[in-house]
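The sequence lines fix the lettering, A, B, ..., with proteins before strands; numbering per chain opens at 1.
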Amino acid sequence: MKRGLLKLIALIIAASLTAAGCTPKETSGSGSRIAIAEQYGLAYAPLQIVKELKLLEKNLPGTVVEWKQLGNTAAIREAMLAGEVDAGFMAIPPFLIGWDKGMPWKIACGLSKSPVGLVTNREEIRSLRDFGDKDRIAVPQPGSVQHILLSMACEKELGDPHKLDNQLVTLAHPEGMSALLSGRDITAHFTAPPYLMKELAEPGMHEVLNGRQAMGGDFTFIAGVTTAAFHDKDPRAYKAFVRSIQEAIDYINNNREKAAAILAEAYKMPEAELLSYLLMEDAAYTTVVEGIEPFAQFMERNGYISKVPGELNEIVWEDVHDENP
Amino acid sequence: MSEKLRVSGINKYYYKNGERFKVLDSISFTAGSGEVLCLLGPSGCGKSTLLRLICGLDEPEDGLVRLDGKAVSCPSPAAVMIFQEFGQLFPWRTVLDNVIYPMRVNGIGRSEAERKQTAETWLVRVGLEGFFHVFPHTLSGGMKQKAALARALALEPSLLLMDEPFGSLDALTREGLQRLLLQIREETGSTILFVTHDIQEALTLGDRILVMGKEPGRILKVLENSVKKTGKRSNQEKSALYDVIHNLLGTV
Amino acid sequence: MMRIHKSIWFVLFLSLWELLARSGRFSPLVFPPLAAVFKALFHALASGELLQETGFSILLILEGLLVGAVLALLLGMASSLSPLLRSFTEALAALAHPLPGIALLPVIILWLGTGRASILFIIIHSVLWPMLLNVMTGFRAVPKVLAETGRNFGVRGARLFLEVYVPASLPYLLAGLRIAWARAWRALISAEMIFGAVGGKGGLGWYIFKQRVFMDTAGMFSALIVIILIGILVEEVIFERVEAATIRKWGMTDQ
């Protein structure tokens with residue numbers, strides 16, 4: 001009995017150590033596989049173009065491309081940590097949180113600038129000052145770009161970045177939208193397209209604050225981030241990845257109508273509506289990265305991260321265009 | 001001896017697959033105050049059903065049950081039933097509390113202390129001193145039936161209904177309980193309706209014996225139990241009566 | 001003996017954990033060493049934050065359990081009074097029972113918003129149906145002789161339910177409560193992970209989600225430890241004791 005037990009234990013330990021040896025998974029070392037994680041929204045539009053035009057397959061022949069649409073940045077980060085995903089797309093604040101905690105990753109490219117805004121269903125709310133104790137504001141999650149932008153605006157307008165923290169409710173975009181439209185406890189929603197436009201199209205909704213006001217300037221909304229493993233082990237694949245993103249962005253910028261047709265299909269939206277979005281002033285697709293420094297400084301000042309990057313190359317790979325070096 | 005119970009013209013049916021079967025056919029009899037009346041019959045003759053009707057747990061299609069002159073329509077502590085099942089004690093109450101609880105429900109006794117005293121007296125009387133504070137599942141079958149008897153007696157019922165209460169006990173225990181029941185009857189003058197299928201038991205306990213037949217359940221004969229009345233231990237007389245009953249039941 | 005065996009496995013499991021964490025094969029972001037987890041646990045407890053969140057969750061689940069159990073008892077009583085009511089509650093239970101509470105969330109947000117009321121609703125939903133099914137089975141399984149003895153003694157109406165049917169079906173009710181607790185506890189943690197106030201209290205699930213978002217893996221595990229401890233406390237200690245003090249003491253477990 002005792003002997004049997006010991007044997008069993010030894011077996012289990014041996015098995016788990018062997019199993020442990022298999023992880024983290026070998027990823028894309030041979031260039032045969034590349035896994036990319038994105039979220040849902042028009043800010044990720046160039047990725048749809050990469051998919052539709054098979055740009056990665058063209059730039060890196062023989063590669064199997066695996067696309068994953070994940071629900072939130074935390075899931076993408078965890079997938080990248082586990083070696084399941086090589087490249088992920090996200091906003092700068094969640095990227096910085098991961099970097100601060102020691103995630104082995106850097107920014108490879110910008111992807112988009114996007115209008116983001118705080119939409120309310122209450123007529124009398126014209127600025128952040130008008131929010132009362134009873135108001136509830138939906139944001140995708142704490143530490144998200146929406147949350148950080150709102151905190152930045154609170155710091156500017158109300159003098160306290162945490163002023164509205166107790167009134168924030170975490171809801172994914174679709175739930176946030178239905179909660180706002182249902183007119184119950186949620187009275188405002190900080191969101192991005194297409195939800196932003198859908199909400200503003202409803203009667204009685206208006207925008208209190210937009211991203212540019214909150215930030216005090218332009219910023220990259222979504223950036224492409226790759227793991228160090230992917231970047232270091234397979235420079236050819238990494239370069240092909242960055243080139244494909246650049247080509248997709250160029251395609252959108254040079255062929256708006258054709259791009260709108262492709263995207264309308266992917267997003268199940270009317271083509272005209274999509275085109276009008278592509279032409280919006282605040283919406284832009286570019287690999288240039290903007291706004292890292294103001295985000296980092298604000299987040300460090302308010303305890304969301306413990307340090308600001310000293311050198312830019314601590315957080316971006318080589319060849320990345322940055323407006324505020 | 002005044003009349004305690006009058007059962008008149010009872011018909012009872014049960015229904016199975018849309019068909020109607022007669023369980024009890026024109027049952028009429030009376031029981032006098034202080035009498036022990038045994039309902040004796042083979043299984044399936046409806047004697048338990050009859051007892052349930054008298055208790056008010058079931059209703060007959062025809063006929064009437066009168067207890068102390070009043071028609072019985074629903075169960076009440078005026079006629080308390082003691083079942084054959086050992087599980088009739090509330091398992092979540094101690095033996096003592098099992099006796100006190102129905103007294104409390106019916107407002108018997110002026111205070112909780114008085115109820116407790118009455119309950120203890122009855123438990124001692126049936127031989128359960130030292131078992132007041134245990135839970136029923138720790139008792140033997142015979143002790144459980146004794147506790148049920150004490151619980152019933154504490155309610156001072158007008159009529160005690162006993163549905164083969166000793167049927168699941170071993171012979172020795174059964175005899176002890178039969179003796180106990182008779183002694184208590186002597187002391188209290190209780191009126192008892194006792195259902196059994198055991199001729200010996202009927203001869204030991206009953207002042208009169210109602211012999212029942214089955215399909216449908218009916219009264220075959222009402223016998224004065226001369227054996228018990230005279231108190232004679234004449235085996236001859238006893239076996240004669242035994243044979244009479246045995247023949248009666250054998251013709252069914 | 002059983003207990004000793006369990007704790008041997010427990011120690012073994014913890015050592016294996018530490019071994020894997022120290023093997024250097026994993027980033028501490030994936031597999032934090034035990035020391036880091038316990039340090040995070042200590043800090044979270046010392047700061048009072050974890051305790052507050054735990055209190056929030058426990059209060060919520062107690063409230064939900066109480067309301068759900070009382071509703072189940074009332075519905076169970078009603079349905080044992082008339083066949084019509086019974087078929088009604090059975091139909092209702094058959095529809096609602098298979099629905100995981102969390103699947104109702106989008107609808108609940110529309111109806112009740114995102115506050116405490118919504119989580120409470122999910123808990124009550126998780127408690128009510130399994131509890132109701134057990135109440136109904138339990139009432140049906142009450143030995144006839146006990147019910148008739150009670151009626152014979154003149155116990156009627158609500159009193160008959162509370163003083164005879166409820167104690168007589170207690171093994172079923174407790175079993176139902178165990179299932180209800182397990183379902184409600186899981187539903188609560190999942191619901192809390194989906195929404196909560198960023199700065200305010202949101203319960204243990206919310207605490208885990210926050211640690212996840214800010215990538216504090218050790219902090220996440222420390223909250224998991226609290227969840228495990230509460231689970232053990234409730235199932236192995238509280239339910240065990242209640243059963244020992246009632247149905248086992250009364251010899252009702254082998255019914």
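Residue B:I82 does not touch chain C at all, counting heavy-atom pairs closer than 4.5 Å. For B:L57, the parts lying under 4.5 angstrom from a heavy atom of chain C are both the backbone and the side chain. Heavy atoms closer than 4.5 Å to chain B are found in the side chain of C:K144, but not in its backbone. Of the atoms belonging to B:A152, not a single heavy atom falls under 4.5 Å from chain C.
In terms of heavy atoms, B:P77 sits closest to C:G154 at CD-N, 4.3 Å. C:L146 and B:Q88 get closest at one heavy-atom pair: CD2-O, 3.7 Å. B:P75 approaches C:R156 most closely through the heavy-atom pair O-NH2, 2.8 Å.
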- Message: For a side chain to side chain contact (heavy atoms under 4.5 Å, CB included) check, start with the C-alpha distance between B:Q84 and C:V145, then their side-chain angles and the critical distance, and finish with the verdict.
- Response: CA-CA 9 Å; B:Q84 181 177 6; C:V145 68; over 6 Å; no
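Side-chain atoms of C:N152 never come within 3.5 Å of backbone atoms of B:C55 as a donor-acceptor pair (strictly under, hydrogens ignored). No donor-acceptor pair under 3.5 Å is formed between the side chain of B:N106 and the backbone N or O of C:V155.
Atom CD of C:E240 sits in a crowded spot, with more than 12 heavy atoms from other residues, nucleotides or ligands closer than 6.0 Å. At most 12 heavy atoms of other shown residues, nucleotides or ligands fall within 6.0 angstrom of atom CD in B:E156. Within 6.0 Å of the CZ atom in B:R6, the count of heavy atoms belonging to other residues, nucleotides or ligands does not exceed 12. Taking a 6.0 Å sphere around CZ of C:R186, one finds it holds 12 or fewer heavy atoms contributed by other residues, nucleotides or ligands. For B:H197, the NE2 atom is loosely surrounded, since the number of other residues' heavy atoms within 6.0 Å does not exceed 12. Within a 6.0 Å sphere centred on CZ of C:F121, heavy atoms belonging to other residues, nucleotides or ligands number 12 at most. With a 6.0 Å radius and a threshold of 12 heavy atoms from other residues, nucleotides or ligands, C:F10 has its CZ atom at or below the threshold. Within a 6.0 Å sphere centred on CZ of C:F13, heavy atoms belonging to other residues, nucleotides or ligands number 12 at most.
For the atom pair CE of C:M252 and CH2 of B:W92, the computed distance is 6.0 Å after rounding to the nearest 0.5 Å. Going from atom CD of C:E148 over to atom CD of B:E85 covers 8.5 Å, rounded to the nearest 0.5 Å.
Under the 30°/60° scheme for interplanar angles, the aromatic rings of C:F153 and B:F90 are found to stand perpendicular.
Two residues are said to be in side-chain contact when any heavy atoms from C-beta on lie closer than 4.5 Å; B:Y101 and C:E163 meet this criterion.
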